[in-house]
Number of protein chains: 2
Amino acid sequence: MGLTKTEAFSEDQNELASLAKALAHPARIAILQHLLKINACICGDLVDVLPLSQPTVSQHLKALKSVGLIKGCIEGTSVSYCIDAARWNLVRERFGTFFDTLVAEQDCSC
Amino acid sequence: MGLTKTEAFSEDQNELASLAKALAHPARIAILQHLLKINACICGDLVDVLPLSQPTVSQHLKALKSVGLIKGCIEGTSVSYCIDAARWNLVRERFGTFFDTLVAEQDCSC
DNA sequence: AAATTCTATCGTAATATTGCGATATTAAAA
DNA sequence: TTTTAATATCGCAATATTACGATAGAATTT
């Protein structure tokens, strides 16, 4: 089918999965890394840095924005994008607690 | 197209993206949560727990196994799945250092 | 006002993912 | 050896994602 049975899973599970999905493309990782490095930049700068066209970069920015990891400030004709620090830290914790669920002894030796 | 330009991004970026992709489905999150809770179980148990058919669960298990987050031990006719603790901790660090890249002051107030 | 600049959206093509029935595979059990 | 049980794989259909050219929209510049 190709349709994820969203309604069959918990809100928690869907939320974490969709956060992961936002990170599930090298271009979006690259965008985030660039923003982390230079704090903020406009879409056009990302188009210069990435091996992708302007519409494609814009599409990836939209995906990151839709989960709240970045935000865009309109500055004249351009849009300055940057990390949303508050949301970023929430997401960091979300993944952190997920990964920290593993208890030390837990391991099937095989 | 629908084809990610993998070769145009760094190995690092592709690796992190593919780890995220493994987590980018609620069923796979649910599988990992279940394994975290009960340490190990066979595929059939997961089929009972999840709202998905056996082939679909098997497919999700394969995806998790391919990135190394879980491993399967053959036990007679069944396969006991569990978290690969060593790999798990590596992935935890991978995401951890990524998220920790954000410097405290960094934020565009808008 | 017209031209320019920058970004978003539309439309489309190609590939990927998801889900499941049917079936193959493998090992234990009868 | 035949049956049973458990899992993996195949094949297919439906939906999602990725990428980009063309174009629309919005604000600045000329």
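Labels below follow one simple rule: chain letters A, B, ... track the order of the sequence lines, proteins then strands, and each chain is numbered from 1. Everything numeric in this text was worked out from a predicted model, so none of it was measured.
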Participant: Does any N or O in the side chain of B:Arg28 come within less than 3.5 Å of the main-chain N or O of A:Ala17, such that one atom is a donor and the other an acceptor?
Facilitator: no

Participant: Drop me the distance from A:Arg92's CZ to B:Phe95's CZ, to the nearest 0.5 angstrom.
Facilitator: 14.0 Å

Participant: Could you check if a side-chain atom of A:Ser66 sits within less than 4.5 angstrom of a side-chain atom of A:Lys62, using non-hydrogen atoms only?
Facilitator: no

Participant: If you look at every strand shown and take non-hydrogen atoms under 4.0 Å, does B:Ser78 touch a base, only sugar-phosphate, or nothing?
Facilitator: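 Sugar-phosphate: the residue B:Ser78, judged by heavy atoms under 4.0 Å, touches backbone atoms but no base.
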
Participant: Rounded off to whole Å, could you give me the CG-to-C1' distance for the B:Leu61 and D:dA6 pair?
Facilitator: 13 Å

Participant: For DNA chain D, find the residues of residues 37-44 of chain B with a heavy-atom distance under 4.0 Å and give them by number; none if there aren't any.
Facilitator: B:Ile42, B:Cys43, B:Gly44

Participant: Does the side chain of B:Phe99 reach to within under 4.5 Å of the side chain of A:Asn89, using non-hydrogen atoms?
Facilitator: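 Heavy-atom side-chain distance check fails, nothing below 4.5 Å.
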
Participant: Would you mind reporting whether A:Thr101 and B:Lys37 have side-chain heavy atoms less than 4.5 Å apart?
Facilitator: no

Participant: Reckon B:Thr56 has a side-chain N or O less than 4.0 Å from the OP1 or OP2 of C:dC20?
Facilitator: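 Yes, within the criterion.
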
Participant: Roughly how many Å is it from CG in A:Leu50 to P in C:dT7, rounded to a whole number?
Facilitator: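 Rounding to the nearest Å, CG of A:Leu50 and P of C:dT7 are 13 Å apart.
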
Participant: Roughly how many Å is it from CG in B:Leu46 to P in D:dA8, rounded to a whole number?
Facilitator: 10 Å

Participant: To the nearest angstrom, how far is B:Leu52 atom CG from C:dT17 atom P?
Facilitator: 17 Å

Participant: In residues 19-36 of chain A, which ones come under 4.0 Å of DNA chain D, going by heavy atoms?
Facilitator: A:Lys21, A:His25, A:Arg28

Participant: Please examine the side chains of A:Leu23 and A:Leu32, heavy atoms only from C-beta on, and report whether any two atoms are closer than 4.5 Å.
Facilitator: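 Contact flag for A:Leu32/A:Leu23 side chains = yes.
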
Participant: Using a cut-off of strictly less than 4.0 Å, decide whether B:His60 has a side-chain nitrogen or oxygen near OP1 or OP2 of C:dT17.
Facilitator: no

Participant: Rounding to an integer number of Å, can you tell me how far A:Glu7 CD sits from D:dT15 P?
Facilitator: 14 Å

Participant: Between N or O atoms, less than 3.5 Å apart, protein on one side and nucleotides 23-30 of chain C on the other: list the pairs.
Facilitator:
none

Participant: In whole angstroms, how far is the P atom of C:dA16 from the NZ atom of B:Lys5?
Facilitator: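 Roughly 15 Å, once rounded to whole Å.
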
Participant: Atom NE2 of B:His34 and atom CG of B:Asp48: how far apart are they, to the nearest 0.5 Å?
Facilitator: 9.0 Å

Participant: Do A:Ile42 and A:Ile31 belong together in a cluster built from hydrophobic side chains that touch within less than 4.5 Å?
Facilitator: no

Participant: In whole angstrom, what separates A:Gln59's CD from D:dT23's C1'?
Facilitator: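 One finds 15 Å between C1' of D:dT23 and CD of A:Gln59, rounded.
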
Participant: Is B:Trp88 close to B:Leu36 at the side-chain level, that is, under 4.5 Å between some pair of heavy atoms?
Facilitator: yes

Participant: Within this structure, what is the CG-to-P distance between A:Asp45 and C:dT5, rounded to whole angstrom?
Facilitator: 16 Å

Participant: How close do B:Cys41 and B:Leu35 get, counting heavy atoms only, and between which atoms?
Facilitator: SG-CD2, 3.8 Å

Participant: Within the structure, does a side-chain N or O atom of A:Tyr81 lie under 4.0 Å from either OP1 or OP2 of C:dA8?
Facilitator: yes

Participant: Kindly say if B:Lys62 contacts the phosphate of D:dT7, meaning a side-chain N or O under 4.0 Å from OP1 or OP2.
Facilitator: no

Participant: Okay, side chain of B:Asp84, backbone of B:Lys71: is any donor-acceptor separation there less than 3.5 Å?
Facilitator: no

Participant: Take A:Thr6 and A:Lys65, find for each the nucleotide of DNA chain C with the closest heavy atom, and name the residue whose nucleotide sits nearer the 5' end.
Facilitator: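 Nearest nucleotide further toward 5': that of A:Lys65.
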
Participant: Taking the side chain as everything from C-beta on, heavy atoms only, tell me whether A:Leu52 gets closer than 4.5 Å to A:His60.
Facilitator: yes

